[in-house]
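Throughout, a chain's letter reflects where its sequence line sits, starting with A, and its residues are numbered from 1.
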Protein chains: 2
Amino acid sequence: MIDDEATRSNVIEAADRLFYSRGIQAVGMDAVRNEAGISLKKLYSAFGSKDVLLNEVLHYRGRQWDDGIAAASAAARTPRDKLLAIYDFLNGWFRQDDFRGCAFINSFGELGSISPEIAKAAREQKSSFQRYVSSLVAEAGGPPSLAAQLAILAEGAQTTAAISGTPDAAAHARAAAVTLIDAALPVSGAA
Amino acid sequence: MIDDEATRSNVIEAADRLFYSRGIQAVGMDAVRNEAGISLKKLYSAFGSKDVLLNEVLHYRGRQWDDGIAAASAAARTPRDKLLAIYDFLNGWFRQDDFRGCAFINSFGELGSISPEIAKAAREQKSSFQRYVSSLVAEAGGPPSLAAQLAILAEGAQTTAAISGTPDAAAHARAAAVTLIDAALPVSGAA
DNA sequence: TACACTAGAGAACGTTCGTTCTCAGCGCAA
DNA sequence: TTGCGCTGAGAACGAACGTTCTCTAGTGTA
C-alpha cells in the first residue's frame, strides 16, 4: 500500500502521545487504536505487538529529541553557545502544556527493571546525548569531566521540572552550566 | 494486637522491596503477600487497598532518604561539607546491588500522570530535599540559586546512575558541586 | 449477477490483577 | 462437649488488557 508508511507514523505518533501523557501500562491497545483511528487488525498487522510498537515509539522520541537539540543549536555559533542552547531548548520544552518529563526516564522508571529492551533504549538515548555533549566540550577545549557534569545538569533539570511542575529548573541548570564552563575553559567568550 | 505495628512495617518493607525492584504495576498484591509472609485477609485489613499501601511505602522511602542524608552529613562539620556529603551519600547508594534509581522519580514516571497522590508524594519529597539544601546553602552564606543548582545536580546524578548502570555520576556531580560552591561562596575552605 | 477478496468493527479468549468471599481448623469460655 | 469467634489459605469475582477470531459490508472483476 502507498499509505503503509503514513499508517505507521500515524500510529506511532498516536501511541507516543498516549504513552507519554498517561504511561505505557496505563494505555491499552484499544486506546491506541482509537487515537490512531484505525482497526485493531491493521494495528496488529503493522506492529506485531505492543512491545514492538513501544520500541518504535521510543526510537521516534529519540529522533524528536535529536531534532530539537539540533534545531536549538543551529543558531549558535561557538561550541560554548551550542552547549548553552541545550538548556534553552529545555526551557522551551518545559513550558509546553504537555510536558511530563523525559519519556526515556519515565519509561525506564516504569518498565526498565522488567524489560531489557526498554532499559537498553533509555541507555542508548542517554549515551547518545552524552556523546553529543562530549563532542561539543572537546571542540571547546574542555575536559571530558565537564561533559559529564553538563549532561547531569540536563538530566536533573528534566526530572526537577517534571516533578515540580515548573520550568524554573532550566534557567537554574543553564546558570550552573555557565559557571561550570567558565571554570573549566581557560578563556571564556569575554571579548 | 501487640504485633500490629510489626506487621505493618513488615508489609511496608516487603512491598517497598518489590515495588522498588520491579515497579508498582508489575507487582501484584499476591506477590506482596508472599514476600511479607502473611495472609491476604490480614494484608487487606492492615491496608485497605494497594493505593494506601503504596502511599505508606512512599512515606517510608522518604524517611529512609532523610535518615541516609542525615547520617551522611553527621560527620561533616561545615555547611559546605554537609552539602558535599550529599554526593558522597549518593556514591555509596549507587554502588549498592539493588540500586535502581530514585523511587520517587520512578513512581512519578510510572504513575504520576494518572495518580495525583503519587505526583504529590514525589513533589513533596523533592521539595523537602530542596528545603534541606537551601537551609545548608543559606547557612553557608550562598544565594538561593546555588541551592537549586545543587539539587538539580543530585537529581541528575540519580537518573544518570540508574540508566547508565554505573555509579560514576556521583563523583561527577560532586566535582560540579565543588565548582559551583566555590564560585558562589566568597571564601572557600582554603585555609 | 456471482464470486472472490479485503477491511473494519467489535466479540471472544485467555490471562492477570485487585479485592472479596468461603470454608475448614483452632483456641477458648461455659 | 458445644458453640463461638478468629484466622489463614486460597477460591471466586469482576474488570482490564493483549491478542485473535468472526462476521458483515463493500468492492472490483468476469
Exercise. May I ask you to test the Ile114(A)-Leu111(A) pair for a side-chain heavy-atom distance under 4.5 Å?
Key: yes

Quiz item: Do the side chains of Val137(A) and Pro79(A) get nearer than 4.5 Å, heavy atoms only?
Solution: no

Quiz item: Rounded to the Å, how far apart are Ile114(B) CD1 and dA16(D) C1'?
Solution: 13 Å

Quiz item: What is the distance, rounded to the nearest whole Å, between atom CG of Leu54(B) and atom P of dG18(C)?
Solution: 11 Å

Self-check item: Distance in angstrom units between Lys50(A) NZ and dT16(C) P, rounded
Solution: 15 Å

Quiz item: Rounded to the nearest Å, what distance is computed from the CG atom of residue Leu53(A) to the C1' atom of nucleotide dC17(D)?
Solution: 15 Å

Exercise. May I ask you to list the residues of residues 26-37 of chain B, by number, that have any heavy atom positioned under 4.0 Å from an atom of DNA chain C?
Key: Val27(B), Gly28(B), Met29(B)

Quiz item: Separation of Asp51(A) atom CG from dG18(D) atom C1', in whole Å?
Solution: 10 Å

Quiz item: Mind checking what makes ring-ring contact (aromatic ring centres under 6.0 Å, His included) contact with Phe94(A), not counting sequence neighbours?
Solution: Phe99(A)

Quiz item: Taking the six-membered ring for Trp, is the centroid-to-centroid distance between Trp65(B) and Phe89(B) below 6.0 Å?
Solution: yes

Quiz item: Is NZ or CZ of Arg61(B) both nearer than 6.0 Å to the six-membered ring centre of Phe104(B) and within 45° of the ring axis?
Solution: no

Quiz prompt | Per-nucleotide protein contact string for nucleotides 20-28 of chain C (B base, S sugar-phosphate only, - none; heavy atom under 4.0 Å) | solution = B-B------

Quiz item: Whole-Å distance between dT15(C) C1' and Gln25(A) CD?
Solution: 15 Å

Practice problem: State, with a plain yes or no, whether a side-chain heavy atom of Arg8(A) is found less than 4.5 Å away from one of Glu56(A). | Solution: yes

Exercise. Evaluate the side-chain proximity of Leu58(A) to Glu124(A): yes if any heavy-atom separation is below 4.5 Å, no if none is.
Key: no

Quiz item: Is Glu110(B) close to Gln25(A) at the side-chain level, that is, under 4.5 Å between some pair of heavy atoms?
Solution: yes

Quiz item: If you fit an axis to the five pairs at each end of the helix from dT1(C)-dA30(D) to dA30(C)-dT1(D), how big is the angle between those two axes, to 10 degrees?
Solution: 30°

Quiz item: Can you name the residues that form a salt bridge (charged side-chain N to carboxylate O under 4.0 Å, His left out) with Arg174(A), not counting sequence neighbours?
Solution: Asp88(A)

Quiz item: Does any non-hydrogen side-chain atom of Glu117(B) lie less than 4.5 Å from one of Asp51(B)?
Solution: no

Quiz item: Considering residues at least two apart in sequence or located in another chain, which fulfil the side-chain contact (heavy atoms from CB on, under 4.5 Å) criterion with Ala148(B)?
Solution: His172(A)

Quiz item: Is the distance from OP1 or OP2 of dG8(C) to the nearest side-chain N or O of Lys42(A) less than 4.0 Å?
Solution: yes

